[in-house]
Amino acid sequence: METAIPLKPFPSFPRSQTPHYLHHHLQSAISLSQLKQIHAQILRSGFDRSAPIFLKLAVSSFAFSSTSDYSLSVFRQIPDPDTGICNRILRQLSDGTQPHMALHVYGRMRSAGVWIDRFSLPPLLKASARVSALREAREVHGLAAKMGFDSDPFVQTGLIRVYAACGRVLDARMVFEKMPQRDVVAWNVMMDGYSYIGLHEEVLLLFDEMKGTSVEPDKVILASVISACGHVRNLDFGKAIHRYISEKNFVLDARLQSSLITMYANCGSMDSAHRLYNKMLQKNIVVSTAMISGYSKLRKLDIARSIFNQMTEKDLVCWSAMISGYAESDHPNEALKLFNEMQISGIRPDQITMLSVISACAHLGALDQAKWIHIYVDKNGFSNVLSINNALIDMYAKCGSLENAHQVFKDMPQRNVISWTSMINGLAMHGDGKSALRLFNQMKTERIEPNEVTFVGVLYACSHAGLVDDGRQIFTSMANEHNIMPRHEHYGCMVDLLGRANLLNEAVELIEAMPFEPNVVIWGSLLAACRVHGNVELGAFAAKKLLERDPNHDGAYVLLSNIYAKAGRFEDVWEVRRLMRNKGITKEKGCSWMEMDGEIHEFLTADQSHSKANEIYKKLDQIVSELKVVGYVPNVESVLVDLEDEEKKDAVLLHSEKLAVAFGLLNVGRGSSCIRIVKNLRLWKKFIFTSSPCASATPLFFVLLFLQFSSVARQQKLSRPAGYGKCNEGDAWKGAGWSSNLCEQGPVQNERKGISSKEEDPAKRRREKHQTVK
DNA sequence: TTAGGGTTAG
């Protein structure tokens with residue numbers, strides 16, 4: 001006997017007690033070798049191989065054994081297993097951790113000539129459903145039909161379930177429709193089939209249909225319906241079910257409570273969710289996870305985290321929910337930190353976790369971190385997962401490395417429309433409109449049908465590359481050639497495209513011709529264009545329209561005040577500022593961050609909090625002095641008008657990205673020839689949120705101030721900052737935003753502000769590939 | 001003492 005096994009040898013139990021102890025040991029056995037000990041003991045105790053204890057052993061062995069050899073050998077030792085025994089084994093296996101073993105046993109039953117009866121079929125169908133074994137399911141269906149059991153309600157519900165689980169919801173529905181009598185379980189299984197493929201609306205329709213029959217809903221089906229309400233965010237429907245539960249005096253068990261809480265959390269009704277949550281004595285993982293998720297969606301991460309911290313037991317799902325909460329709420333550092341903690345706690349991530357983590361890296365814009373996560377993806381067997389590769393493309397593009405993005409795209413074993421869209425979007429983001437269009441055409445050549453999101457990327461590319469004619473043509477082709485009706489996002493791109501090209505009249509005509517009401521994004525695009533081209537009246541009109549829809553839109557106020565400031569209408573500027581003050585509207589502070597030696601350094605405007613603040617400011621002074629020698633004058637045009645001149649200059653000079661650049665320059669040469677700075681600009685935040693091309697896409701719009709410092713170039717730049725006024729590719733000073741005073745003045749972003757308007761021609765802009773400003 | 005259904009992360 002193996003000494004390492006904690007089980008004591010079974011000494012001389014009184015014969016009458018032995019089964020009890022053996023049963024007990026069988027239940028507490030945690031390994032196959034323990035099971036084998038029990039097996040030996042059973043044989044030594046002289047039990048018959050048809051005794052219940054032996055049958056139990058046979059079933060347990062299937063649960064532990066990773067290969068079927070031992071388990072099947074135990075099963076084979078049962079002399080003449082009858083149908084009843086086999087069915088019990090089937091049932092246990094279909095409920096256990098290795099449902100596919102039920103199919104093995106079924107094969108053995110067939111080969112051993114064991115009679116299959118109607119009780120064999122449901123567990124087989126259940127096992128097939130759990131492993132999505134369509135072929136086997138069809139075989140069982142055929143067998144059931146042959147034996148005349150296909151009208152048995154238990155068999156029918158099993159068939160509905162297995163077809164739905166195999167993605168054959170129409171087949172499932174066909175079986176459902178053919179049922180002469182549908183009980184509440186049949187309805188429920190059909191509803192779950194729809195839930196499984198995400199057709200939650202269909203669940204609610206089916207429930208409405210069921211209400212017209214004599215079938216009374218029970219707790220289980222109500223839980224399914226409540227869950228569907230949560231998925232489709234139908235709070236009214238959910239509340240109605242909640243009322244029904246109260247009226248009917250259903251006892252709220254843990255699962256029903258969980259469904260209700262989840263529904264409220266999904267619908268953003270966290271007060272109701274929390275009320276129910278507080279009433280739960282035993283808060284289970286599922287419901288706590290739902291609460292974390294609900295609060296995360298509302299960006300109440302402190303509450304989410306406190307629930308997370310209070311959980312005594314944590315599984316992959318709750319870790320993922322918390323990580324995802326951080327990742328999707330602009331807390332990428334926290335997301336990555338938690339990801340590390342999760343691994344330390346011994347939990348391995350799955351694809352969903354990885355998508356959140358990759359998304360966090362994308363938010364962070366930290367290339368080293370991104371590369372690390374890419375290596376992690378490769379090492380942990382995720383490298384062939386389509387969605388993960390799509391997310392990697394997006395991540396690399398947002399971290400400033402189109403090369404890496406393209407490498408992932410090229411190496412993918414398969415690509416879907418999201419892969420192409422992500423790559424196109426990446427190119428667009430980097431201002432390489434021509435390449436984006438080339439890829440778009442290649443995509444069509446390869447017969448990948450673009451979707452709505454693809455067009456957002458392509459139109460965005462046209463807009464940022466000044467490709468007005470291409471943009472117009474592609475916009476028209478959406479409906480004509482691809483049967484895709486342009487939505488707000490597409491109109492937003494077109495208004496942006498026309499606005500940037502100073503075709504403001506055409507932009508207005510387009511807005512007037514829209515088949516639906518323009519939203520804040522559309523008016524925001526027009527407003528931004530008016531800001532760039534100094535059209536005061538139209539700008540004021542657009543701002544008014546925007547504020548009608550979103551009275552607290554800080555960006556609109558800032559843009560408008562900038563327009564007035566540019567036109568010298570300071571009384572109007574004051575008026576706008578007064579309105580902002582009265583409404584308590586403040587503009588978001590600019591924030592830049594960069595990665596250095598694997599650490600993320602964050603800078604706010606005039607930030608003194610960095611441990612090396614003194615050196616940074618010294619460096620900044622030095623750079624500014626050098627710049628001034630060659631004629632640099634801080635552009636204070638749009639700075640708050642209530643500041644003194646010197647203060648205005650400070651506000652410009654202490655922009656967060658400038659602090660970051662100074663810090664970067666202090667550290668240049670320490671292992672990196674490149675300074676990447678990521679900004680939190682909010683320009684078109686909402687627009688981007690709705691146009692995300694892939695699951696990991698972020699609601700933030702980053703500005704990547706991407707400075708390429710080749711050793712020669714670095715010397716040149718450091719000794720000859722005068723280069724900033726020119727428009728050379730890779731011009732680090734311009735790229736660093738020295739001449740841009742806008743980044744922290746609000747959402748108006750003239751990304752090439754450094755160049756005087758005369759120099760600012762679209763052809764030159766297109767060449768500036770090293771600086772990606774969004 | 002052989003058969004079917006419910007909650008969570010993107």
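In what follows, every heavy atom counts, from backbone to side chain, and hydrogens, waters and symmetry copies are set aside.
- The base of B:dG5 is paired with the side chain of A:D218 by a donor and an acceptor separated by under 3.5 Å.
- Atom CD of A:E177 is surrounded by more than 12 heavy atoms from other residues, nucleotides or ligands within 6.0 Å.
- By the criterion of a centre-to-centre distance under 5.5 Å and near-parallel planes under 30°, the ring of A:F154 forms a stack with the base of B:dA3.
- Rounding to whole angstrom units, CG of residue A:L90 and P of B:dT1 are separated by 20 Å.
- For A:V185, the side-chain atoms get nearest to B:dG5 when compared with the rest of B:dG5, B:dT8, B:dT7.
- Nearest nucleotide to the A:R161 side chain, out of B:dG5, B:dA9, B:dT1: B:dG5.
- For A:L316, whose side chain is taken as the heavy atoms from C-beta onward, the closest listed nucleotide among B:dT8, B:dA9, B:dG4 is B:dA9.
- A donor-acceptor contact under 3.5 angstrom links the side-chain atoms of A:D253 to the base of B:dG6.
- Distance check, rounded to the nearest 0.5 Å: CD1 of A:I344 to CZ of A:F339 gives 11.0 Å.
- Among pairs with a residue in residues 84-94 of chain A, those fulfilling side-chain hydrogen bond (donor to acceptor under 3.5 Å, both in side chains) read A:N87-A:D117, A:N87-A:S120, at least two apart in sequence or across chains.
- Taking the side chain of A:K297 as heavy atoms from C-beta on, and the options B:dA3, B:dG10, B:dG5, the nearest nucleotide is B:dG10.
- Comparing B:dG5, B:dG6, B:dT8 by their nearest atom to the side chain of A:V286 picks out B:dT8.
- One donor-acceptor pair, N or O on each side, does fall under 3.5 Å between the base of B:dG4 and the side chain of A:T157.
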